[in-house]
Amino acid sequence: TGRASPRDVLALGRSLACVPRLRDLLADAAAAALQSARERADTLPELTAEILATIDDEAPTTTRDGGIVRPGRDAELDEIRALRKDARGFLAALQAREIERTGIANLRVGYTSVFGYFLEVTRGQVDKVPVEWTRRQTLKNTERYITPELKEYEGRILSADDRAKAREEELFLALRARCAAAIARIQETAAAVADVDVLASLAEVAAARGWVRPAIADDGVLEIVQGRHPVLDTAASDEPFVPNDVHLDADGLRVALVTGPNMAGKSTYIRQVALLTLLAHTGSFVPAESARVGLTDRIMARVGASDDISRGRSTFMVEMMETAAIVHHATPRSLVILDEVGRGTSTYDGVALAWSITEHLALVARCRTLFATHYHELTQLPASGDDLAAAVRNYRVAVREWGDRVVFLRRIEEGGTDRSYGIHVARLAGLPESVVERARTVLAGLEESRAGASVQPATAPAARAHAPRPRQMALFEPPPDPLVEELRTLDVERTTPLEALTLLARWKERPPGR
């Protein structure tokens, strides 16, 4: 594009100078990819030599101020530079010669940006000035003159700087044009070097961290034994990273529902599986004991929370749009990771959507899926039908409770969980103890409300000790409705969608009050 600076061209030359050494290192490489890179890496010896012989080591980023071309590269430029460099010596010699010739002992050579170069003589010595001198300026106590020799030199010296810059720019533009003419060869060399760079970097990481070569298969299997997160495995931490397994098969167990507490590692686990799948497809080794990765056409993720205010889209709307893209485009070759889908709306709306989406991915798209969720209702999915029982399995992040503390074991094991320990995490985050304790009370009430109890209203701390007793049952209250009583005793957590539809149909046919 004609925008490369002198420093850019110098960097190109220095890079090209490394290519011969790279080709020597690859001479004995057995891998076809490395041999191909070696053959494609063009050393461009003539261009490399010209760049390094022309561009100065301290080349600037622009062509405006000179300093681009090395000394000795161009005779014309060297002559101009010599003229500029020798100006002080010439003027000193001129001054000494004129003093000796005229006998004016206090004569001096000066310069101003307005009048240029001059010979300055005091008023008392004016009668000694030769007739060939021309008066240039008169001051209070001195007179300033110019001689034909000084005038000629002035023209040369004042234009030398501009001429030097112009010559340097001319030489640089010609060199840059020669680089542009070789752009196809340069780009091919750059691509070859980039290939070697990537392969060498992946090899270095694999050797240093003990990664293994994955088996790439033309099927829907994804099996990783003792897999580790490629970033967190080496991050400084107070606790060691806990490796985990995964086994998914597009023709069998396709969906892993991962439940467990906040901060236990659900999100890390599903992202880890996606990262290892991606690494395997790039040709990299992976951090695991062993890995078998079926060819994957795409990795699709619904992770995190964000909105699009400028387009009027809420966080939940963005979440649903991203999920819709997954549902529409996932294939049996795809890997899908979902993190908390459905959390942006009411509980029952969210559970219904998460349930339906999981069913679709398992039975229609038939893609390998890891779904991290706090909707414990979804753990009933495998029991809701034979097809789902074969395709969906529950997993949980193991925890251990020690008094009022929770220890996260970071280990994925088979089975579901029914607790999220959100209040515990809120306490760790620094919520006031009074708020945490009130949350425990509300949670207990909500859990008991499923069996008929209700959440007690909040009261001021001083009044809680004197809270009134529940009122006595009124004498003329209507008898309890059997339907309400049945609803109160219904275990919603263990009711499948099909059972719920059957109950609704039966209740619809029931006469009022029975």
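We find the CG-CG distance between L222 and L295 to be 11.5 Å, quoted to the nearest 0.5 Å. Between T54 atom OG1 and D74 atom CG the span is 9.5 Å, to the nearest 0.5 Å.
No side-chain heavy atom of L335 sits under 4.5 Å from any side-chain heavy atom of C367. The closest side-chain heavy-atom distance from L44 to I186 is below 4.5 Å.
Nearest heavy atoms, Q35 versus L26: NE2-O, 3.7 Å. Considering every non-hydrogen atom in both I412 and Y395, the closest pair reads CG2-CB, 4.0 Å.
For R144 and F118, the positive end sits near the middle of the six-membered ring, less than 6.0 Å away and at most 45° from its axis.
With no hydrogens or angles considered, a side-chain donor-acceptor pair links R368 and T296 at under 3.5 Å.
The number of heavy atoms from other shown groups lying within 6.0 Å of CD (E433) is above 12.
Without hydrogens or angle criteria, D245 side chain to Q226 main chain gives a donor-acceptor distance under 3.5 Å. The main-chain N or O of E319 is found under 3.5 Å from a side-chain atom of T323 such that the two form a donor-acceptor pair. D78 contributes a side-chain N or O that, together with a main-chain N or O of G72, makes up a donor-acceptor pair within less than 3.5 Å. In this structure a side-chain-to-backbone donor-acceptor pair under 3.5 Å is present from Q272 to G227. Remark: the backbone N or O of R23 is paired with a side-chain donor or acceptor of R38 at under 3.5 angstrom. Of the possible donor and acceptor atoms, one in the side chain of T277 sits under 3.5 Å from a partner among the backbone N and O of V273.
L370 pairs in a side-chain contact (heavy atoms from CB on, under 4.5 Å) with only one of the listed residues (V246, D339, V336, V255), which is V246.
Looking at D42 and R185, a side-chain N of the basic residue comes within less than 4.0 Å of a carboxylate O on the acidic one, giving a salt bridge. For the pair R228 and D233, the salt-bridge criterion is met [side-chain N within less than 4.0 Å of a carboxylate O]. Between R97 and E100, none of the side-chain N atoms (NZ, or NE/NH1/NH2) sits under 4.0 Å from a carboxylate O, so this pair counts as no salt bridge. With respect to E170 and R167, a salt bridge is recorded, a charged nitrogen being found less than 4.0 Å from a carboxylate O. Using a cutoff of 4.0 Å between basic side-chain nitrogens and carboxylate oxygens, E169 and R163 are not scored as salt-bridged. Using a 4.0 Å cut-off between a side-chain N of Lys or Arg and a carboxylate O of Asp or Glu, R108 and E98 do not qualify as a salt bridge.
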Review item, side-chain donor-acceptor pairs of residues 121-128, under 3.5 Å, at least two apart:
from	atom 1	to	atom 2	distance (Å)
T122	OG1	N106	ND2	3.2
R123	NE	K140	O	3.2
R123	NH2	L139	O	3.0
Q125	OE1	K128	NZ	3.2

With a cut-off of 3.5 Å and sequence neighbours excluded, list every side-chain donor-acceptor pair involving residues 2-14.
from	atom 1	to	atom 2	distance (Å)
S5	OG	R7	N	3.4
S5	OG	D8	N	3.2
S5	OG	D8	OD2	3.1
R7	NE	A59	O	3.2
R7	NH2	A59	O	3.3
D8	OD2	S5	N	2.9

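Between F90 and Y153, the ring-plane angle classifies as parallel under the 30° and 60° cut-offs.
Among residues two or more places apart in sequence or in another chain, the ring pair (Phe, Tyr, Trp, His ring centres under 6.0 Å) test is passed with F115 by none.
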